[in-house]
Amino acid sequence: MDFKQIEKKWQEKWVKEKTFNAIDFHPTKPKYYVLYEFCNVSGHLHMGHLKGTVPSDALARYKRFKGYNVLFPIGGDAFGLPAENAAIKTGIDPHDFVAQGMKTITSELNKIGLSFDWDRTICTSDPEYYKWTQWIFLQLFNHGKAYKEKAKVNFCPKCQTVLSNEDSQGGKCDRCGSDVVQEERQSWFLKMREYGDKLLQNVDRIQMAENLKEAQRNWIGRSEGTEISFDIYDESGKKLDKLDIYTTCVETVYGITFVALAPELKLIDKLKGSIKNWPEVETYRKQAALRSEFDRMSDQKDKTGCKLEGLYVINPANGRKVDIYIADFVLAGYATGAVMAVPSHDQRDYEFAQKFNIPLVQVIEGDTSTRAVEKGEYIPKNSKLMNSAEFSGMPAQEARVKIAEALIKAGVARKKVNYKMTDWAFNRQRYWGEPFPIVICPHCGEVGLSEKDLPLILPEVKDYLPNKNGDSPLSKATEWVNCKCPKCGRDAKRETDTMPNWAGSSWYWLRYTDPHNSEKLADFEKLKYWGSVDCYTGGTEHITRHVLYAFFWQNFLYEIGAVPTRDPFIRKMGSGLILTSEGKKMSKSSANGVSPIEVIEKYGADVTRMHLHFLGGYEDNTPLTYDGIKGITSFVDKVWSLQDMIKGDGVSKEHSFELASLNKKAGEDYENLKLNTAISAMMIFVKKIKEDGFITKEELRQFLIFLNPLAPHITSEMYERVFGGNIADESWPEYDEKDLVKAEVELAIQVSSKIITRLNVPTSASNDEILALAKADEKVAAALSGKTIVKEIVVPGRIVNIIAK
RNA sequence: GCGAGUGUGGCGGAAUGGCAGACGCACAGGACUUAAAAUCCUGAGAGGGCAACUUCGUGAGGGUUCGAGUCCCUCCACUCGCACCA
């Protein structure tokens, strides 16, 4: 068998004949939408692609056999740093780099034998595509969901650009791994935090592994609590201002012994005149500003801070005076940037209080002599309150509700929900991205372009390097930058930052439904027809980034009536990692990454597909070795040899059970992306055929269909040789339920839960008949002699257990 | 620290509460061969026994059940996510 020639033949045929093109509004077939995360066009095919694409390809092929109109598209994610860095390094125009990259990656993907609809291929840096990315931004802007503001943002000094929180996880730049710093900058934000609850509902509805859902919920970080207002006074008792503080532990409000503010809080500047030790405060604030938020978070042990002399607040619960500190353990970006400190019941406050000799007031029972008794301890125990006026003696869980009610009734507090997730910092000071459809007018401020002026084409520049002063390279394209204000017509300038690389990927699954539409991002009826993605596969590293962005944009587009549903995806399967044989993560670029193309050339695509997925489940991390590949190679050889064993037609009585079982098992496994057990089932079937020495024509036809989603090339070739025509035109065979049942089954017979013997009994036998047969057996009779039967259990097809004393 | 997930032979891994270790690799023995490779057949969780057989076995300990890898509780280990989030 010349697998190279066979694979090439079929891959070319599928593309040329458009075998797997999806049909809009198919008159009879139901739709099924399978999506694999589109590829970055800057690189080559890597093992991760093979791990991720093959099960979705198998699912797509299976669903087509089952009579579905399957949409299984692919495209390229092209904007962003890889193309731009290549441009800077080699001088190649990013447009050319991307065009070449698309060709490379698609031709490499094709070598795996994937059944894509190539006519729907899109590329995010294509103006026909990014026109609609800009259009969506414009809608966000027009609906008040995008705003520009001077704020502290994450900034990567090496990439010279602003980053979102999602791109700065762990304080490292997602692209280059440099430490991210916090800088005050004019930045674009999308109001993602406003969508917190809606995103959580998307998380609840999607079918996805629990650990991934938890990661998303964690990232969104919703908490319910109480916001309490504290009045601020100076030494003379004059009320100066009000301080809002958010807490999730309102039951500890009587234990407040100080409050702490984030050093960068603007309120501190307002109070400057009344702060007696201003120089000291100022020094501390400068120190804190020098440390990035990530530095501050990483050294949790060492608490620093500075008292605001001459000021105090009144605890509205008990009227007590409370000192004010600024401390860098308090984060400006979360809630109000101020905490009510209860050292007895919060470990951070406890450590701070120790360092600054602040007294403790214990308000909930427990041992606070060496550490705080925290929520996690007193809530499950429901410990009683103390030192809390009329709430003393009340269990903590009840006090939580009652104290909040009392403060709300008194008008000093309200219920509040907070999120850790922040608004999405949406601008980058880089060249290779979508230009904002925004004009900055000295008179009108930020003005959106008219929809008819889209796409706003990214201008050609010679110098792709970011400016040292932090401006985007586009600022140098003066002819492009200078324009007229669409509102007042006077001189204005375009926004010169570009969108982040996540912009184009936040809606691309919608475009596949109608990729060439020049009037709309996609026709509404087509969006309705294709609906949510039925099964979305791809890496887990995008769970707290791309997938959340996808939820966000889809919700927004739904609300403005551009798409028919709030859920982009019905099911999301997170692909496991390919590990080296030592169990280390295999990286795309480094030396331990093996090119799948080499493996495919050596063993063939069918063998490579099956080998990789025989190693483990879709969501498992699999260490890659070639030790076992021999088993797959010899399996494929055996399959090939089946064409020399054909005898008769129809389904033989020798094989009807095995064929029906395989039918059922393979179908379930494809549906669940469990290729490893599907392969195992195929092997068991072939083993049986080899034993019997024959296969009928009909059995072979069915078997080829069952195996086709795993090994599309060899099965297509064999089908054509034996039956003529294309196996892709076949449909999944039906099986008769009664073929799943053998005439006889072997049952394990237990006496008092211990296996005594095994008996073959007719499947049709009733429980009583089975018991009678069992008791008639010599060994069973011996085991039962002299004992009284207490209980008899028959599990049909499995086991008989006779309990005797 | 918090949360989630996972622990099964020499290895990758199977098992709707019902015969643990499917399938494959590696291993051992045999057939074919001058020989090797390839191929085919056979064996095999561990311990004991010539044998029929028997004891122990799914991270550890307890529990529920006629029956637990699977369900419940406690603990341990590993992986991932978040991490001074008030």
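Residue numbering restarts at 1 for every chain, and letters A, B, ... go by the order of the sequence lines. Keep in mind that this is a model prediction, so the values were computed, not measured.
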Exercise for the section: Could you check A:Ala215 against A:Asp620 and say which one's nearest nucleotide on RNA chain B is further toward the 5' end? Expected result: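 Looking at the nearest nucleotide for each, A:Asp620 comes out on the 5' side.
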
Exercise for the section: Run the ring-centre check on A:Phe189 versus A:Trp424 and record whether the distance is less than 6.0 Å. Expected result: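 No, they do not, as the ring centres are separated by 6.0 Å or more.
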
Candidate nucleotides [options], ranked by approach to the side chain of [X] - the nearest:
| X | options | value |
| --- | --- | --- |
| A:Val330 | B:C23, B:C19, B:A86 | B:A86 |
| A:Glu210 | B:U39, B:A4, B:C66 | B:A4 |
| A:Ile793 | B:C23, B:G18, B:G81 | B:G18 |

Spacing of [X] atom [atom1] relative to [N] atom [atom2], expressed in whole Å:
| X | N | atom1 | atom2 | result |
| --- | --- | --- | --- | --- |
| A:Gln216 | B:G5 | CD | P | 15 Å |
| A:Asn218 | B:G5 | CG | P | 13 Å |
| A:Lys674 | B:A22 | NZ | P | 16 Å |
| A:Glu619 | B:G13 | CD | C1' | 16 Å |

Exercise for the section: Could you tell me whether A:Glu166 and A:Arg545 have a side-chain N and a carboxylate O separated by less than 4.0 Å? Expected result: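 Looking at A:Glu166 and A:Arg545, the cut-off is not met.
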
Practice task
Ignoring backbone atoms, test whether A:Gln169 places a side-chain nitrogen or oxygen under 4.0 Å from the OP1 or OP2 oxygen of B:C82.
Solution key: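 For B:C82, OP1 or OP2 has a side-chain N or O of A:Gln169 closer than 4.0 Å.
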
Exercise for the section: Report yes if at least one side-chain N or O of A:Lys213 is closer than 4.0 Å to OP1 or OP2 of B:G3; otherwise report no. Expected result: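 So the side chain of A:Lys213 is outside the cut-off, no N or O lying under 4.0 Å from OP1 or OP2 of B:G3.
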
Problem - Proximity to RNA chain B (any heavy atom under 4.0 Å), residues of residues 246-261 of chain A only - result: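 Of all residues in residues 246-261 of chain A, the ones placing a heavy atom under 4.0 Å from RNA chain B are A:Tyr246, A:Thr247, A:Thr248.
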
Handout entry: Under the side chain to side chain donor-acceptor pair (under 3.5 Å) test, residues paired with A:Tyr618 that sit two or more places apart
Key =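 Once residues adjacent in sequence are excluded, A:Tyr618 has no partner under the side chain to side chain donor-acceptor pair (under 3.5 Å) criterion.
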
Practice task
Measure distances between side-chain N and O atoms of A:Asp627 and base N and O atoms of B:C25, and say whether any donor-acceptor pair falls under 3.5 Å.
Solution key: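 It does not, because no donor-acceptor pair links the side chain of A:Asp627 to the base of B:C25 below 3.5 Å.
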
